[in-house]
Asker: 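Sending over a structure as structure tokens; questions will come in a sec.
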4 protein chains.
Amino acid sequence: MRTDQSVIYAFHHSGQVLEIGESAKVRRTRKTPEERRRELLAAAASVFARRGYRSADVQEIADRAGVGKGTVYRYFDTKEALFRASIANQLDELETCARQARDRHTDPLERLRAAIRAVFAYFDGHPETVELFIQERAEFLHRGVPLYFLRSAMRHEEWASEFRALIAAGRMRDMPVDALMDGLGDLVYGAALSSTASPHRPCLVDRFDQLFEIYLHGALVQS
Amino acid sequence: MRTDQSVIYAFHHSGQVLEIGESAKVRRTRKTPEERRRELLAAAASVFARRGYRSADVQEIADRAGVGKGTVYRYFDTKEALFRASIANQLDELETCARQARDRHTDPLERLRAAIRAVFAYFDGHPETVELFIQERAEFLHRGVPLYFLRSAMRHEEWASEFRALIAAGRMRDMPVDALMDGLGDLVYGAALSSTASPHRPCLVDRFDQLFEIYLHGALVQS
Amino acid sequence: MRTDQSVIYAFHHSGQVLEIGESAKVRRTRKTPEERRRELLAAAASVFARRGYRSADVQEIADRAGVGKGTVYRYFDTKEALFRASIANQLDELETCARQARDRHTDPLERLRAAIRAVFAYFDGHPETVELFIQERAEFLHRGVPLYFLRSAMRHEEWASEFRALIAAGRMRDMPVDALMDGLGDLVYGAALSSTASPHRPCLVDRFDQLFEIYLHGALVQS
Amino acid sequence: MRTDQSVIYAFHHSGQVLEIGESAKVRRTRKTPEERRRELLAAAASVFARRGYRSADVQEIADRAGVGKGTVYRYFDTKEALFRASIANQLDELETCARQARDRHTDPLERLRAAIRAVFAYFDGHPETVELFIQERAEFLHRGVPLYFLRSAMRHEEWASEFRALIAAGRMRDMPVDALMDGLGDLVYGAALSSTASPHRPCLVDRFDQLFEIYLHGALVQS
DNA sequence: TATGAATGAGCATTCATTCAT
DNA sequence: TATGAATGAATGCTCATTCAT
């Protein structure tokens, strides 16, 4: 019987000004599909991150996006599709962010450092993104490779060439590129997932220098 | 009225031989609480890992353990309690395993290497354990620090002394112990969680040498 | 999969005519909230009265109201809320009925007589109302004063003035008003509850004259 | 997993003294079946009254009686049979109590007054008896006439003769005996059931004189 | 197109009853 | 005989999805 909540959300949604005396109902809004889609994805990311995929209520997402429940299903076939689109959206942003940071540099090692640092900063600024990755990993393993890993694979060549350049320049050790990349990938993934798990851990960027330092030079004293 | 499945499980439970034409109802069995508990935890771990915490049906756990659903609730107050007990059980095993491997060595670095290697081997042999950790991370964050991280914190001192010994011996770099430990922890956690995510990745022990090598000596050519 | 019953209820819902061979699935109907609410309360009263509060299955109420189970929960938060709303609804009707009968008279004694008679008649015509009162008394005592008695207390002043008028007129004995009212209340309550308990007892209105006569003039010969 | 409670109840049950060092387990007791039966009925009455028939847990009854659950079923076939036996037991006591009070008098009116007064006093002293009657009325109507009413009918002749004597003596009005008896019966039943419903009502014996006075002489001023 | 009322499969938990010990 | 571990039918409630308006 949730009929009364529309009032509460009326101002949440879209900052519409209601005329005096007008019933407290959101004016039928006409927005471009793209705009709607973006709002839905944002609402979904927030709710999925906060509640977890299973507990997230599509109704809450609809409320938060300021649309009816039916509209959600007009844009996304299922809750799962909405979730995946959310993830994909976050991954787009994350990749863009990393690439922009990288491309501000020319030195291969600085390119790598800048990219990883940007990823850490992104995670710090968007903790819900991390939650989304965990949720995907937890819920959708049996339905195929999670997008996080799929995208990782798609980026492989793009980054592998960076590593190869470093090896060719004699700066990085001559190990299999995959080993070097996966090692860094695991470190980043592990750091991200554990960052939000313990409440007292410092933010990721603050740990970045030490982590990257270990990755580059190791934990042991150089012999 | 789930009577049809009893045939399937008739041999699961207790090796009782049913005569032909006899009603396929499995005889009620009595076991020691410890045995029952162990069987329930094993069944729970398997089902939780396969379906995920939310999708796991207590009935399926009961079936798999060869007991009625009520018996599950006789041993564990709620589904959540059963899940947590499963996790705790796996963590016990994992820690025992790591300690045993460690204590076969005296050299601090070998102790560390052996422990991490044992953890990797354990994860390879018990992929459902990894799933359980992810499920816990995904579902129970809002209800307090997951047991995986809680236990990590409890083990902290035990392992910190190992790291301190390595630093004191001039073998490990003089960085904050937490940085060294967390770096390794993140690497292990990340490797474990991603190991079951991509189907084509080699098993963890096969990657161990390279990963640990990177952790110890870094990715860069020593300058 | 309760599909078999839909045939039975197909005509209940909305008079839709199903073609021969057509799937017996009843079309989804939309009604005004008031109408739905009324239908649900009627169905609930009937089922609660027949089965008792605890044994009543919300599914059966939904079936009888020609809606899905979820719709029941759309209108009432819990089974208990539905039950209480049922009771309140019946009490509303009962009170209206008694007041209307009372207000057709001016003489205070006739007003009282007419009201009680109307209550008896209502109970005869709505035996499920009596059951509801008993169920409430039996199940909800520990959760506060049952609505039946709460409403009784709320009506107190309204009726106390009638009794005071009778005493002031020298017609009713100068006893504490509460004693007179509670005596009548107990008689009515006892008569109602026992009326449906023994199958061979005459209906309440048929007993009314004698009961009210005893209440007014007593069982003894006047001295 | 209620294994630990036996300690708590060990002293409840039977005041057994546990030897020092002896495991805190109730010594296997050997009691006469009659004794057991009585204890079970007492425990049942208490629990049924407190929780209501449906919510009452047979386990709690067993605990309170200091026996295993299985033993309850050794004495009574079903929960319902136990409940009925409880009721019957209470009715026996109540009837005995009323008869004893009655038989201390010879004057028919005093006999009646004493009996009803004794019933009121019994209800005041045994509020759980009243609850039991309500529970029976609420739960078992559809399975036949409740014992309360059945016993009432069985006592009919015994009391009808008292009323007839009063009429023959010209003291009671020449109305159908059933009307006089049922009127009193309804008054008593109604008073009993409502007595425990409103927390602020005085006890029944305190109301007895006024109620019986109304029954005998009516609410109106004698004309 | 947008809505939100309606739907019903799904699932955790309880507890009367049984039965192996 | 006495026990309490084991059982599984029963049921309130949720929420993704549909569809009448």
Side-chain angles (χ1 to χ4, degrees), chain A residues 1-3 6 26 28-30 33 36 54-60 62-63 67-75 77-80 82, chain B residues 1-3 25-33 36 54-60 62 66-75 77-80 82, chain C residues 1-3 25-33 36 54-60 62 66-80 82, chain D residues 1-3 6 26 28-31 33 36 54-60 62-63 67-75 77-80 82:
Chain A
M1 277 293 268
R2 20 171 322 290
T3 50
S6 47
V26 177
R28 184 63 61 89
T29 54
R30 188 144 306 275
R36 266 283 147 73
R54 300 302 272 231
S55 303
D57 191 333
V58 175
Q59 180 67 61
E60 189 180 349
D63 288 346
V67 300
K69 213 182 193 180
T71 303
V72 177
Y73 281 89
R74 183 163 285 290
Y75 282 79
D77 282 348
T78 62
K79 186 186 183 185
E80 183 173 334
L82 172 56
Chain B
M1 277 293 272
R2 9 175 329 285
T3 50
K25 185 131 183 199
V26 174
R27 234 22 186 323
R28 196 183 280 210
T29 53
R30 251 183 200 214
K31 297 195 176 174
T32 67
R36 266 283 144 75
R54 299 301 268 238
S55 302
D57 188 337
V58 175
Q59 181 66 62
E60 189 179 350
V67 301
K69 207 196 271 195
T71 302
V72 178
Y73 283 93
R74 170 166 278 285
Y75 283 80
D77 283 346
T78 60
K79 185 186 183 184
E80 182 174 335
L82 173 57
Chain C
M1 277 291 271
R2 11 172 329 282
T3 50
K25 184 134 185 196
V26 175
R27 240 11 192 327
R28 196 182 281 209
T29 55
R30 247 181 202 216
K31 296 195 177 174
T32 68
R36 265 283 143 75
R54 299 301 267 239
S55 303
D57 187 337
V58 175
Q59 181 65 62
E60 189 180 350
V67 300
K69 205 196 273 195
T71 302
V72 178
Y73 282 93
R74 171 166 278 285
Y75 283 80
F76 301 94
D77 283 345
T78 62
K79 187 187 183 186
E80 182 173 334
L82 173 56
Chain D
M1 279 293 267
R2 20 172 322 290
T3 50
S6 46
V26 177
R28 183 65 59 91
T29 53
R30 188 145 306 275
K31 295 191 178 178
R36 266 282 149 72
R54 301 301 272 231
S55 304
D57 191 333
V58 175
Q59 181 67 62
E60 190 180 348
D63 288 347
V67 300
K69 214 183 194 179
T71 304
V72 177
Y73 281 89
R74 183 163 285 291
Y75 283 80
D77 283 347
T78 62
K79 185 188 185 186
E80 183 174 332
L82 173 56

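Note that this is a predicted model, so its numbers are computed, not measured. Per chain, numbering begins at 1; letters A, B, ... match sequence-line order.
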Asker: Between Asp63(A) (CG) and dT3(E) (P), how many Å, whole number?
Answerer: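 The answer, rounded to whole Å, is 11 Å.
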Asker: Return the value, rounded to whole Å, for the distance between atom CZ of Arg74(C) and atom P of dA6(E).
Answerer: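 About 7 Å, once rounded to whole Å.
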Asker: Side chain of Lys79(D), backbone of Asp57(D): donor and acceptor closer than 3.5 Å?
Answerer: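 It does not hold such a pair.
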Asker: Residues two or more places apart in sequence or in another chain: which of them pass side chain to side chain contact (heavy atoms under 4.5 Å, CB included) with Arg54(A)?
Answerer: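 With sequence neighbours excluded, Arg54(A) shows a side chain to side chain contact (heavy atoms under 4.5 Å, CB included) to Glu139(A), Arg143(A), Arg54(B), Ser55(B), Glu139(B), given in chain and number order.
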Asker: Quick one: are Arg36(C) and Thr29(C) in side-chain contact, heavy atoms under 4.5 Å?
Answerer: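 Yes, at least one pair of side-chain atoms sits under 4.5 Å.
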Asker: DNA chain E in dot-bracket, Watson-Crick or G-U pairs under 3.5 Å, [ ] crossing, | other strand?
Answerer: .||||||||||||||||||||
Asker: To the nearest Å, how far apart are Arg36(A) CZ and dT1(E) P?
Answerer: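 My rounded result for the distance is 13 Å.
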Asker: Within this structure, what is the CG-CD distance for the pair Asp77(C) and Glu80(C), rounded to the nearest 0.5 Å?
Answerer: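 Reported to 0.5 Å precision, the distance equals 11.0 Å.
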Asker: Tell me: CZ of Phe76(C) to C1' of dT14(F), nearest whole Å?
Answerer: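 One finds 18 Å between C1' of dT14(F) and CZ of Phe76(C), rounded.
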Asker: For a 4.5 angstrom cut-off between non-hydrogen side-chain atoms, does Tyr73(D) reach Val58(D)?
Answerer: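 A side-chain contact under 4.5 Å exists here.
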Asker: Can you check the Tyr75(B) OH to dT7(F) C1' distance for me, whole Å?
Answerer: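 So the two atoms are 13 Å apart, to the nearest Å.
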Asker: If the sugar-phosphate is the primed atoms plus P, OP1 and OP2 and the base is the rest, what is the B/S/- string for nucleotides 12-17 of chain E, using protein heavy atoms under 4.0 Å?
Answerer: BBB-BB
